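Index from 1, following the sequence. Keep in mind that this is a model prediction, so the values were computed, not measured. We use all heavy atoms of the structure for the numbers below, so side chains are in, but hydrogens, waters and symmetry mates are not.
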Amino acid sequence: LVLIYFLFRLWLEGQRERSTSREIKGEMFPVELRVAALRPLKLLNEYYEKRDPENADACIDETMLADKLLILGTNPSEIFYGREGAKCLLQGDWKYWGKLVLDVERTALSQASNDLYFVMRGQIRLDIWHFRIPIKITGVLEKRNKLWYISKMQFINDLNTNYVILSWVPALALVASLLLFVFSWLIYIF
């Protein structure tokens, strides 16, 4: 029951975060600069809507600086460098990950030297059960040839993982009690 409670709380936390997410404050920029800086993020969202693995190279060319690119995925082993890494991530996401929808208009931007740091929210709808996971994407935008491009990017599941960690205790207790039950049943039989 405790395990079910924690899983339910995790689901509720995700629902709350999707419907009333906490505001991420950025700096105020002139409208022209903001529109220009959001260009690669809007294009990235459009490519994620299409989900066509054949478009990975075009997506990279239009939105990213392939020679300086570093992308961190949601899993610890997902660390991607350069064009080939980005292509691997994009094609994998578009084939297997689920539908990602980004809230580009509410992206928070902050000055970081000559670059811009961005924080953007979105959500992933997993194809399996239509389960939705809130996500944050952070990164760095750099200007090259008068256009902004993504040079660094990190995908972060935007869930309160405390409930997942707390659910380990009842899950382990459940496993231990099941093992004890099977062991006692085997002793009784033999």
Side-chain angles (χ1 to χ4, degrees), residues 14-15 17-75 78-112 115-128 130-159:
Q15 292 290 97
E17 188 61 34
R18 275 200 342 258
S19 62
T20 57
S21 58
R22 293 173 195 89
E23 181 183 3
I24 300 172
K25 296 184 182 192
E27 297 176 33
M28 296 298 293
F29 291 102
V31 173
E32 304 82 34
L33 174 60
R34 183 167 173 81
V35 168
L38 293 180
R39 178 199 67 81
L41 303 177
K42 285 182 181 181
L43 288 171
L44 182 67
N45 190 41
E46 290 172 14
Y47 278 106
Y48 264 90
E49 285 176 4
K50 294 175 188 172
R51 296 180 66 169
D52 183 358
E54 296 297 318
N55 289 336
D57 283 317
C59 177
I60 294 165
D61 291 337
E62 292 181 42
T63 63
M64 302 172 190
L65 294 176
D67 58 326
K68 300 178 88 175
L69 195 57
L70 167 64
I71 303 174
L72 301 175
T74 55
N75 293 323
E78 292 182 327
I79 303 171
F80 303 95
Y81 297 99
R83 172 177 290 283
E84 287 308 309
K87 187 173 181 178
C88 179
L89 170 81
L90 293 173
Q91 289 177 334
D93 281 359
W94 296 341
K95 286 180 186 176
Y96 310 112
W97 195 29
K99 183 171 174 59
L100 173 66
V101 178
L102 302 172
D103 188 1
V104 178
E105 294 304 319
R106 292 185 359 169
T107 299
L109 297 171
S110 299
Q111 192 77 43
D115 304 329
L116 293 174
Y117 175 76
F118 71 89
V119 180
M120 176 174 50
R121 291 186 187 273
Q123 65 176 324
I124 305 158
R125 190 184 80 218
L126 298 178
D127 295 333
I128 300 169
H130 300 287
F131 186 67
R132 292 186 178 138
I133 300 171
I135 193 164
K136 264 190 279 202
I137 300 174
T138 63
V140 176
L141 298 167
E142 292 186 33
K143 197 170 195 180
R144 186 177 285 176
N145 299 327
K146 299 183 181 182
L147 290 175
W148 290 94
Y149 293 93
I150 301 165
S151 67
K152 310 288 183 276
M153 189 164 46
Q154 181 176 10
F155 292 82
I156 306 161
N157 288 327
D158 203 9
L159 293 171

Participant: Atom CG of L65 and atom CD1 of I150: how far apart are they, to the nearest 0.5 Å?
Facilitator: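 Taking CG in L65 and CD1 in I150, the distance rounds to 9.0 Å.
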
Participant: Do E78 side-chain atoms and N75 backbone N/O form a donor-acceptor pair below 3.5 Å?
Facilitator: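 Pair found, side chain donor or acceptor close to backbone of N75.
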
Participant: Run K99 and E49 through side-chain contact (heavy atoms from CB on, under 4.5 Å) and show every step you take.
Facilitator: CA-CA 7 Å; K99 183 171 174 59; E49 285 176 4; 4.3 Å; yes

Participant: What pair of heavy atoms forms the shortest contact from P53 to Q91, and how long is it?
Facilitator: O-NE2, 3.2 Å

Participant: Any chance you could measure R125, atom CZ, to I133, atom CD1, to the nearest 0.5 Å?
Facilitator: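 One finds 12.5 Å between CZ of R125 and CD1 of I133.
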
Participant: Mind listing the closest non-hydrogen atom pair of F80 and C88 along with its distance?
Facilitator: CE2-SG, 4.1 Å

Participant: Any donor-acceptor pair under 3.5 Å linking the side chain of Q154 with the backbone of I71?
Facilitator: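 Absent.
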
Participant: Stepwise, does the side-chain contact (heavy atoms from CB on, under 4.5 Å) test hold for I79 with L70?
Facilitator: CA-CA 7 Å; I79 303 171; L70 167 64; 4.1 Å; yes

Participant: Measuring only between side-chain heavy atoms, which start at C-beta, is R34 closer than 4.5 Å to M28?
Facilitator: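 No, every pair of side-chain atoms sits at 4.5 Å or beyond.
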
Participant: Give the minimum heavy-atom separation between V104 and M120, together with the two atoms involved.
Facilitator: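 Scanning both residues, the minimum pair turns out to be CG2-SD, 3.8 Å.
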
Participant: Can you tell me how far apart CG (N55) and CD (E46) are? Round to the nearest 0.5 Å.
Facilitator: 11.5 Å

Participant: With sequence neighbours left out, what residues match K87 under side-chain hydrogen bond (donor to acceptor under 3.5 Å, both in side chains)?
Facilitator: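 K87 satisfies side-chain hydrogen bond (donor to acceptor under 3.5 Å, both in side chains) with D57 only.
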
Participant: I'd like to check T107 versus V119 (side-chain heavy atoms, cut-off strictly below 4.5 Å). Are they in contact?
Facilitator: no

Participant: For a quick test of reading the model, state the closest non-hydrogen atom pair linking G26 to S110 and the distance between them.
Facilitator: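 That would be CA-OG, 4.0 Å.
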
Participant: Does any non-hydrogen side-chain atom of T138 lie less than 4.5 Å from one of Y117?
Facilitator: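 With C-beta onward as the side chain, the pair touches.
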
Participant: Salt bridge between D61 and R83, side-chain N to carboxylate O under 4.0 Å?
Facilitator: yes

Participant: Determine whether a donor-acceptor pair (N or O, by modelled atom type, separation under 3.5 Å) exists between the side chain of R39 and the backbone of W148.
Facilitator: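 Yes: the side chain of R39 pairs with the backbone of W148.
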
Participant: For Y47 and E62: C-alpha separation, side-chain torsions, deciding distance, then whether side-chain hydrogen bond (donor to acceptor under 3.5 Å, both in side chains) applies.
Facilitator: CA-CA 10 Å; Y47 278 106; E62 292 181 42; 2.6 Å; yes

Participant: Provide the full list of salt bridge (charged side-chain N to carboxylate O under 4.0 Å, His left out) pairs with a residue in residues 136-148, sequence neighbours left out, each pair given once.
Facilitator: D67-R144, K68-E142, K136-D158

Participant: If only atom types and distance count, is the side chain of N145 paired as donor or acceptor with the main-chain N or O of L147 below 3.5 Å?
Facilitator: no

Participant: Run the ring-ring contact (aromatic ring centres under 6.0 Å, His included) test against W94 and tell me which residues pass, sequence neighbours left out.
Facilitator: Y48

Participant: Is any side-chain heavy atom of L141 closer than 4.5 Å to one of S151?
Facilitator: no

Participant: Would you check if the side chain of N45 reaches a backbone N or O of L102 as a donor-acceptor pair within less than 3.5 Å?
Facilitator: yes

Participant: Could you walk me through whether L38 and F118 pass the side-chain contact (heavy atoms from CB on, under 4.5 Å) check?
Facilitator: CA-CA 9 Å; L38 293 180; F118 71 89; over 6 Å; no

Participant: Can you tell me how far CE of M153 sits from CG of L69, rounded to the nearest 0.5 angstrom?
Facilitator: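 Those atoms lie 6.5 Å apart.
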
Participant: Can you name the nearest heavy-atom pair linking F29 to L116, along with the distance?
Facilitator: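 Answer, listing the atom of F29 first, then L116: CZ-CD2, 3.7 Å.
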
Participant: Within the structure provided, determine whether I156 and T74 are in side-chain contact (heavy-atom separation under 4.5 Å).
Facilitator: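 Of all side-chain heavy-atom pairs linking T74 with I156, none is under 4.5 Å.
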
Participant: State the NZ-SG distance between K50 and C59, to the nearest 0.5 angstrom.
Facilitator: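 Going from the NZ atom of K50 to the SG atom of C59 covers 9.5 Å.
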
Participant: Could you state the interatomic distance from CG (L44) to NZ (K42), rounded to the nearest 0.5 Å?
Facilitator: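 It comes to 13.5 Å.
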
